[in-house]
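On a predicted model such as this, the values are computed, not experimentally measured, just so you know. Ligands are counted one by one from 1 in listed order, and the atoms in each one are counted from 1 as well. Throughout, numbering of the chain's residues begins at 1 and tracks the sequence.
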Amino acid sequence: MAHPKTERTLVIVKPDGIQRALIGEIMKRYERTGLKLVALKMLVPTEEMIEEHYLLDPNWKKNVGEKAIASYVKKGETPPSNDPIELADLIVARLKKYMTSGPVIAMVWEGAHSVELVRKVTGGTEPRSAGVGTIRGDFVLDSYQMADSADRAIRNLIHASGTVPEAEMEIPHWFAKEEIISYRVPHEATLYDVDLNNILG
Ligand code: ADP
Ligand code: MG
């Protein structure tokens, strides 16, 4: 089995993240966990790339629809539809518009538990209810309610892979093998080596 330090995850700074001048702030938060940046590029995605990206996981539609319905029910509000798949189709159309509206920055971060750690630092899907201290919770304010009433995607600054299998499908969708660089940084010894050698002279 590969060492846990080789786990990789995909992060995309969405168009609103770039417009808000939060690129450095966002990268700093992932970088300071000890994770390592192994791929990076700026591009304007096409609608096809976005549709394919969100449909890589066959369960995503059901999950995204159910999550939206649950959020309405929790607040005692009525969802725009009670059919998760119908809601998901609507969300995909909104995402195509949102994610192709300007440049995005795609990155691959590598390190132990990278998928879980990046999600923790990123925060929940809806900024309104995302935890304090997370990027989505601290830097933006959007909600299901505002997104629905304007028929648009929730603006939450970042995409981050939700699970390891999702990351494994998403990374090759955005990066060719040669664009991902294997290299070492000195602090990996402190994070991962069994013994902390050569500290005392
Ligand atoms: P996450 O990005 O937290 O993994 P999902 O994979 O469930 O969230 O959804 C993908 C993206 O679709 C979200 O980040 C958000 O921008 C948008 N989105 C999700 N649900 C809705 C919704 N009900 N209405 C509008 N946009 C949504
Ligand atoms: Mg997701």
May I ask whether [X] has any heavy atom positioned less than 4.0 angstrom from an atom of ligand 1?
X: Arg136; result: yes
X: Arg152; result: yes
X: Ala153; result: yes

Of the protein's non-hydrogen atoms, which lies at the shortest distance from [atom], and what is that distance?
atom: atom 10 (C) of ligand 1; value: Tyr54 CE2, 3.6 Å
atom: atom 11 (C) of ligand 1; value: Leu95 CD2, 3.8 Å
atom: atom 14 (O) of ligand 1; value: Asn156 ND2, 2.8 Å

Ion pair present between [X] and [Y], side-chain N to carboxylate O less than 4.0 angstrom?
X: Asp142; Y: Arg136; value: no
X: Glu25; Y: Arg29; value: yes
X: Asp151; Y: Lys97; value: no
X: Glu126; Y: Lys75; value: yes
X: Glu188; Y: Arg184; value: no

Hey, which atoms in ligand 1 end up nearer than 4.0 Å to a heavy atom of [X]?
X: Lys14; result: 13 (C), 14 (O), 16 (O)
X: Val64; result: 7 (O), 9 (O), 19 (C), 20 (N)
X: Ala68; result: 23 (N)
X: Arg94; result: 24 (N), 25 (C)

Can an N or O of [X] be found at a distance shorter than 3.5 Å from an N or O of ligand 1?
X: Tyr144; result: no
X: Arg119; result: yes
X: His159; result: no
X: Lys67; result: yes

If you measure from each non-hydrogen atom of [X] to ligand 1, which part falls under 4.0 Å: side chain, backbone, both or neither?
X: Thr122; value: neither
X: Ile154; value: both
X: Ile91; value: side chain

Q: Could you grab the distance from atom CG of Asp57 to atom CE of Met169, nearest 0.5 Å is fine?
A: 4.5 Å
Q: Could you grab the distance from atom CD1 of Ile158 to atom CD1 of Ile105, nearest 0.5 Å is fine?
A: 11.5 Å
**Q.** Minimum heavy-atom distance between Pro103 and Met42, given as atom pair plus value
**A.** CB-CG, 4.0 Å
Q.
Test: ring pair (Phe, Tyr, Trp, His ring centres under 6.0 Å). Region: residues 174-195. Which pairs qualify, not counting sequence neighbours?
A. His3-Tyr192, His53-Trp174
Q: For residues 59-96, pull every pair meeting ring pair (Phe, Tyr, Trp, His ring centres under 6.0 Å), keeping only residues two or more places apart or in separate chains.
A: Tyr54-Trp60
